[in-house]
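Just so you know, these numbers use all the heavy atoms, side chains as well, and skip hydrogens, waters and symmetry mates. Ligands are counted one by one from 1 in listed order, and the atoms in each one are counted from 1 as well.
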Amino acid sequence: DPKHPLYNEINSVIAEHMRYADMDPKTMEETWPLIYEEGDMRVYKREIEEDGMIVDPLKAIHTVSGVTGHEICHYFYNPEVRMDWEGTLESTKTMEYLSEDSLVTYQVHKRVWPTAQRDTYFWSHIRHCPSEDDSESADYWVVCNHSTDYNESNCQMVAKCVRVLFNVALICQTIVEPPPAGKEISRDNLRCRIQYSANVNPGGWAPASVLRAVYKREYPKFLKRFTQYVIDQTKDKPIMF
Ligand SMILES: O=S(=O)(CCO)c1ccc(-c2ccc(C3CCCC3)c([C@@H]3C[C@@H]3c3ccccn3)c2)cc1
């Protein structure tokens, strides 16, 4: 029985993202042009236009030491800390908690000259996908942010903003190097493999050259800033497995 009106939609969007989980860099590079590489971070992008709109899908694979997938997803999902790490936002407002793992948010992005200011209205969902008993499958934590029009009429929107439509997923896998026998697991034994995918439709006219420059500049910056934020927030805290 659907727990709330978006329950079924969320389930099918998550299932779709999980189908593409675990893209290894080899397979990626065959079909996704690499646009940025720094340390363990690789950012890939395809150039796609839909009725004259730049809708370039983006995928990033990153490995971050010292944190778990649960911690990465916890801070990515938590609306209370969004402004602490999201440098491109002017405002964020939690409109409604659908359950403790699903909520609806309205955000206004900082204007990207010369384009009109953008806003987003989306559901967020956080989920732990444990590996099955056969332990073939891996253990994932997932957060998905997806545009919606659910109860939009209740939302006081900022005038003149162009609505961006998007579908974003953050899929994380924790790798634990077992510590010496009898020793407790410390953050030195942790690595988190992150797969970030973003499909963003800018929602209205924007010059292709400007958009592609923004994508190329903003995504790596965004991923670096967010992952560093989680490292800083968790370093003196007990590990969230
Ligand atoms: O990971 S999330 O779910 C985190 C929720 O806060 C998310 C991240 C980014 C966006 C996003 C929204 C608008 C725009 C553009 C479109 C025209 C003018 C602004 C962009 C462009 C790609 C560039 C960009 C990338 C990263 C950060 C900010 N800017 C991205 C949406 C959601």
Side-chain angles (χ1 to χ4, degrees), residues 10 13-14 17 35-36 38 41 43-62 64 72-95 102-127 141-148 155 157-158 160-172 194-230:
I10 290 173
V13 170
I14 293 282
H17 280 298
I35 62 160
Y36 180 88
E38 184 186 340
M41 185 192 289
V43 184
Y44 306 89
K45 195 175 74 98
R46 280 184 182 153
E47 301 217 337
I48 297 179
E49 292 193 26
E50 258 166 34
D51 10 301
M53 212 88 78
I54 305 291
V55 291
D56 300 352
L58 180 123
K59 268 192 183 300
I61 297 177
H62 194 10
V64 178
I72 290 280
C73 286
H74 170 79
Y75 286 98
F76 188 71
Y77 174 75
N78 181 357
E80 312 289 315
V81 299
R82 181 75 38 80
M83 293 304 281
D84 297 348
W85 57 266
E86 249 273 35
T88 64
L89 289 184
E90 218 166 72
S91 65
T92 184
K93 183 169 189 290
T94 306
M95 298 306 298
S102 304
L103 53 87
V104 178
T105 302
Y106 176 64
Q107 295 193 158
V108 180
H109 278 246
K110 287 175 182 164
R111 191 160 165 251
V112 172
W113 188 87
T115 68
Q117 184 155 42
R118 255 68 183 181
D119 62 2
T120 55
Y121 184 79
F122 58 98
W123 54 257
S124 297
H125 176 73
I126 186 169
R127 181 178 298 190
W141 275 89
V142 187
V143 173
C144 181
N145 292 336
H146 190 288
S147 295
T148 184
C155 182
M157 309 285 182
V158 168
K160 295 208 285 299
C161 276
V162 171
R163 179 61 46 80
V164 168
L165 299 178
F166 73 98
N167 178 6
V168 158
L170 190 71
I171 303 178
C172 300
I194 298 170
Q195 296 170 80
Y196 176 84
S197 74
N199 285 280
V200 173
N201 180 322
W205 179 81
S209 55
V210 167
L211 267 189
R212 289 190 163 137
V214 170
Y215 282 37
K216 199 171 167 72
R217 184 184 70 236
E218 290 299 331
Y219 276 115
K221 202 162 86 179
F222 161 85
L223 291 165
K224 271 194 291 192
R225 179 167 168 173
F226 168 66
T227 50
Q228 188 54 51
Y229 173 80
V230 177

Who's closest to atom 6 (O) of ligand 1 heavy-atom-wise, of Glu86, Arg82, Glu218? Glu86

Sequence neighbours excluded, the answer for ring-ring contact (aromatic ring centres under 6.0 Å, His included) partners of His146 is Trp123

Using a strict 4.0 Å threshold on nitrogen-to-oxygen distance, state whether Arg163 and Asp119 make a salt bridge. yes

Quick one: CZ on Phe166 to CZ on Phe122, what's the gap to the nearest 0.5 Å? 4.5 Å

Ile35 side, atom CD1; Tyr219 side, atom OH - distance, nearest 0.5 Å: 9.5 Å

Students often mix this up, so state it plainly: with edges at 30° and 60°, are the rings of Tyr121 and Tyr106 parallel, tilted or perpendicular? tilted

Would you please say whether a donor-acceptor pair under 3.5 Å links the side chains of Gln107 and Glu86? no

Which heavy atom in Ala116 sits nearest to a heavy atom in Arg118, and how many Å separate them? O-NH1, 3.0 Å

Backbone, side chain, both or neither: what part of Lys221 comes under 4.0 angstrom of ligand 1, heavy atoms only? neither

Out of Thr115, Asn145, Thr105, who gets a non-hydrogen atom closest to atom 2 (S) of ligand 1? Asn145

Can you list the atoms of ligand 1 that are under 4.0 Å from a heavy atom of Gln107? 5 (C), 6 (O)

So, applying side chain to side chain contact (heavy atoms under 4.5 Å, CB included) with Thr92, which one of Arg82, Glu80, His109 is it? Arg82

As a test of the contact definition, would atom 12 (C) of ligand 1 count as having a protein heavy-atom neighbour under 4.0 Å? yes

Ligand 1 to Thr88, heavy atom cutoff 4.0 Å, flagged ligand atoms 27 (C), 28 (C)

From Leu58 atom CG to Tyr196 atom OH, the distance as rounded to the nearest 0.5 Å: 7.0 Å

Residue Phe76 vicinity, atoms of ligand 1 by number, heavy atom under 4.0 Å: 1 (O)

Tell me, which protein residue and heavy-atom name are nearest atom 10 (C) of ligand 1, and how many Å apart are they? His109 CE1, 3.8 Å

So which of Tyr196, Tyr219, Tyr77, Phe122 gets nearest to atom 7 (C) of ligand 1, if we judge by its closest heavy atom? Tyr196

Short version for Thr92: what comes under 4.0 Å of ligand 1, heavy atoms counted, is neither

Which one of Val214, Leu89, Val200 has a non-hydrogen atom at the shortest distance from atom 14 (C) of ligand 1? Val200

Minimum heavy-atom separation for Asp56 and Tyr215, please, with both atom names. O-CE2, 3.9 Å

Atom indices of ligand 1, in the order listed, that fall short of 4.0 Å to a heavy atom of Val168: 1 (O), 3 (O)

Look at atom 21 (C) of ligand 1 and say which protein heavy atom is nearest, naming residue and atom and giving the distance to 0.1 Å. Tyr215 CE1, 3.7 Å

Report, in ascending order of atom number, the atoms of ligand 1 lying under 4.0 Å from any heavy atom of Leu211. 17 (C)

Using a 4.0 Å cutoff against the non-hydrogen atoms of Phe166, which atoms of ligand 1 qualify? 3 (O), 32 (C)

Quick one: nearest non-hydrogen protein atom to atom 19 (C) of ligand 1, plus distance? Val112 CG2, 4.1 Å

